[in-house]
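Take a look at the structure below.
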Amino acid sequence: MSARTAPTTTPTTQPTPVTAVFVRLKLSLLRNGLRQSGGRRAAYVASAVVVLLFTALQLIGLVALRGHAHVDALVVLLAAVLGLGWAVMPLFFPSGDETLDPTRLVMLPLRPRPLVRALLAASLVGIGPLFTLCMFAGSVAAVAHGGAAIAAGVVGAVLALLVCVTLARAVAAANVRLLTSRKGRDLAVLSGLVVAVGAQLVNFGAQRLGTSGLGQLDPVADVLRWVPPASAVGAMDAASDGAYGTALAQLALTAAALVLLLWVWARHLTRLMTSPDGSTLQAAGGGPARGPGPAGPARLLPEGRTGTTMERTLRYVWRDPKTKAAWVTSLAIGLIVPVFNAWQGTGSVYFACFAAGMLGIQMYNQFGQDTSAFWIVAMTISSPRDAYVELRARALALLLITLPYATLVTVLTTAMLDDWRTLPEALGLSFALLGAMLATGAWTSARFPYSIPQEGHKNVVPGQVGLAWISIFGGMVGAALLCAPVIALTVWLNVREGGDAWSAVLLPVGAVYGAVITLLGLRLAAPHTARRLPEILAAVSRG
């Protein structure tokens with residue numbers, strides 16, 4: 001008998017679409033992220049509620065503007081701002097969305113085109129796309145008149161949303177190597193500058209629109225209505241006016257921009273999936289060896305411990321992301337507040353003291369920026385004299401930046417207001433305030449130190465928020481009290497008859513007073529620093 005073998009059959013399974021898998025993956029990432037902690041879940045729910053409320057208010061406002069003569073210019077500008085926001089979002093917030101990093105998918109057998117479709121569908125899940133879609137829907141309700149305009153608006157809203165999302169993905173893919181590196185993450189420090197500048201620009205623009213009306217937007221809108229994604233919104237207005245050829249051209253321009261962005265995105269994805277990065281390549285040989293001792297501008301610093309400490313402090317400002325973020329924000333706001341108020345004609349020369357105040361804050365929590373590396377500094381402090389030299393060098397390093405910057409802002413504000421008579425008074429107050437903040441900052445750094453976490457966007461580790469509030473706001477109140485004599489002298493000279501002739505004396509008085517207060521503060525803080533080294537080390541090492 002011959003053995004008969006049964007034929008083997010392989011069951012066939014229908015492959016799961018990649019797009020559906022990625023959408024479920026995005027939903028799983030959101031769900032699992034909310035399960036990590038109650039605080040994160042509460043923050044997400046609170047932010048979602050705030051965004052939805054803001055969206056509802058914007059929708060109501062856009063609907064209320066329906067029929068306004070210049071509402072078309074407003075919605076075109078709104079579309080352009082949304083597109084700009086989507087373009088810069090990956091640069092300033094690279095860790096805001098875990099799916100923005102396509103290098104995590106390099107080991108999967110996926111081709112670029114299916115991957116682009118899947119990532120695009122997954123990108124449409126979230127609060128950001130929902131807010132953007134609602135804004136475009138509100139634009140349709142505000143501008144579209146007639147069936148053709150509504151149809152153009154529906155198509156244009158979808159195209160504009162896809163352009164915004166694809167633009168963000170293309171920018172992220174083009175810069176993913178940079179954004180995932182240490183130096184690339186430093187780009188996030190510019191977010192403080194962008195927020196500060198953007199807030200003042202929005203404030204200034206709102207005031208101008210409140211006095212001059214929406215007609216001020218027409219010249220800008222005439223240009224932006226041919227720039228995607230704003231061109232999709234411009235098509236609605238053109239269709240409402242019966243210019244169907246113009247509407248089709250603007251929709252075609254938006255669709256062409258979408259196709260181009262998809263091609264660029266796929267091209268960068270292909271490069272990321274097939275080319276090695278710096279972590280897989282052997283580092284090239286270094287440059288010529290440098291001799292011992294400081295190089296470049298560091299050679300101009302004093303010798304000994306003072307110069308070494310100053311160089312270390314300045315390197316923190318340039319290299320440490322958290323320290324750099326604080327400095328960039330302080331420099332920006334310290335310039336924007338007085339200059340923008342002077343530009344609008346509502347400011348005062350004394351607003352320039354805001355620059356000295358913002359920069360003086362950098363003296364607070366001096367040891368916290370060292371984190372656990374402070375133990376190296378602590379090993380070199382054995383007496384109040386050592387602590388005094390350490391604190392003095394840190395203050396001198398800050399003065400290298402703060403003193404000329406505060407002077408520049410004061411002179412610029414004075415020039416914009418054309419009030420040169422009060423320049424000595426404003427400079428004297430700025431120097432006195434800066435000295436008072438350096439003095440109180442040195443003392444609070446020794447008395448209320450706290451740790452700065454190295455990862456994430458928080459500036460204080462959990463459990464030390466109270467110390468941070470006491471250190472910063474308590475020190476600022478103390479600095480204001482220390483400046484009271486100079487403030488009183490300024491007020492007295494301004495109200496006294498003939499006091500203008502003596503106003504110039506406030507400049508040397510403020511400079512000398514600030515220097516004396518700084519030296520006294522350093523002298524008082526040095527014994528506390530030397531005596532409380534173990535407590536300071538334990539406090540700043542928690543991060």
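- Atoms CG and OG1, on Leu120 and Thr19 in that order, are 9.0 Å from each other to the nearest 0.5 Å.
- Heavy atoms only, all atoms of each residue included: Ala239 and Ala152 are closest at CB-CB, 4.2 Å.
- Closest approach of Thr413 to Pro338, counting heavy atoms only: OG1-CB, 3.6 Å.
- In this structure, Tyr450 OH and Ile452 CD1 are separated by 6.0 Å, a value rounded to the nearest 0.5 Å.
- Between Cys164 and Phe136 the shortest side-chain heavy-atom distance falls below 4.5 Å.
- The minimum heavy-atom distance between Gly153 and Val140, with the atom names listed, is O-CG2, 3.6 Å.
- Residues Asn365 and Thr444 fail the side-chain proximity criterion, which asks for heavy atoms closer than 4.5 Å.
- Between Val339 and Met416, some side-chain heavy-atom pair lies under the 4.5 Å cut-off.
- Under a 3.5 Å cut-off, the side chain of Tyr364 and the backbone N or O of Gly475 do form a donor-acceptor pair.
- A distance of 11.5 Å separates OG of Ser139 from CG of Asp237, quoted to the nearest 0.5 Å.
- Nearest heavy atoms, Leu314 versus Ala397: CD2-O, 3.7 Å.
- The side-chain contact (heavy atoms from CB on, under 4.5 Å) check on Val264 picks up Leu260, His268, with sequence neighbours excluded.
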Residues Val540, Asp370; criterion side-chain contact (heavy atoms from CB on, under 4.5 Å); working and verdict: CA-CA 8 Å; Val540 303; Asp370 296 353; 5.9 Å; no
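- More than 12 non-hydrogen atoms from other residues, nucleotides or ligands lie less than 6.0 angstrom from CH2 of Trp226.
- Taking the side chain as every heavy atom from C-beta outward, Val51 and Leu130 never approach each other to under 4.5 Å.
- For the atom pair CD1 (Ile401) and CD (Gln362), the distance works out to 9.0 Å, reported to the nearest 0.5 Å.
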Stepwise side-chain contact (heavy atoms from CB on, under 4.5 Å) test for Leu124 and Leu161: CA-CA 9 Å; Leu124 297 174; Leu161 175 63; 4.2 Å; yes
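- Going from atom CG of Leu262 over to atom CZ of Arg267 covers 15.0 Å, rounded to the nearest 0.5 Å.
- A donor-acceptor contact shorter than 3.5 Å is absent between the side chain of Lys324 and the backbone of Val317.
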Stepwise side-chain contact (heavy atoms from CB on, under 4.5 Å) check, Leu115 with Val18: CA-CA 8 Å; Leu115 184 60; Val18 178; 5.7 Å; no
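- Thr254 contributes a side-chain N or O that, together with a main-chain N or O of Ala232, makes up a donor-acceptor pair within less than 3.5 Å.
- Atoms CG and CH2, from Leu537 and Trp375 in turn, are 9.5 Å apart once rounded to the nearest 0.5 Å.
- The closest side-chain heavy-atom distance from Arg225 to Asp72 is below 4.5 Å.
- Between Ile333 and Phe354 there is a side-chain heavy-atom pair separated by less than 4.5 Å.
- Leu82 is not listed as a side-chain neighbour of Pro229, based on a closest heavy-atom distance of 4.5 Å or more.
- Side-chain contact between Leu412 and Leu335: present, with at least one pair of heavy atoms (C-beta onward) separated by less than 4.5 Å.
- In terms of heavy atoms, Phe131 sits closest to Thr55 at CD1-OG1, 2.9 Å.
- In terms of modelled atom types and a separation under 3.5 Å, the side chain of Ser330 and the main chain of Leu359 share no donor-acceptor contact.
- Counting non-hydrogen atoms of other residues, nucleotides and ligands closer than 6.0 Å to CZ of Arg66 gives a total above 12.
- Smallest separation of non-hydrogen atoms from Ala238 and Gln250: CB-OE1, 3.8 Å.
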Worked check of side-chain contact (heavy atoms from CB on, under 4.5 Å) between Met135 and Val81: CA-CA 11 Å; Met135 291 299 98; Val81 171; over 6 Å; no
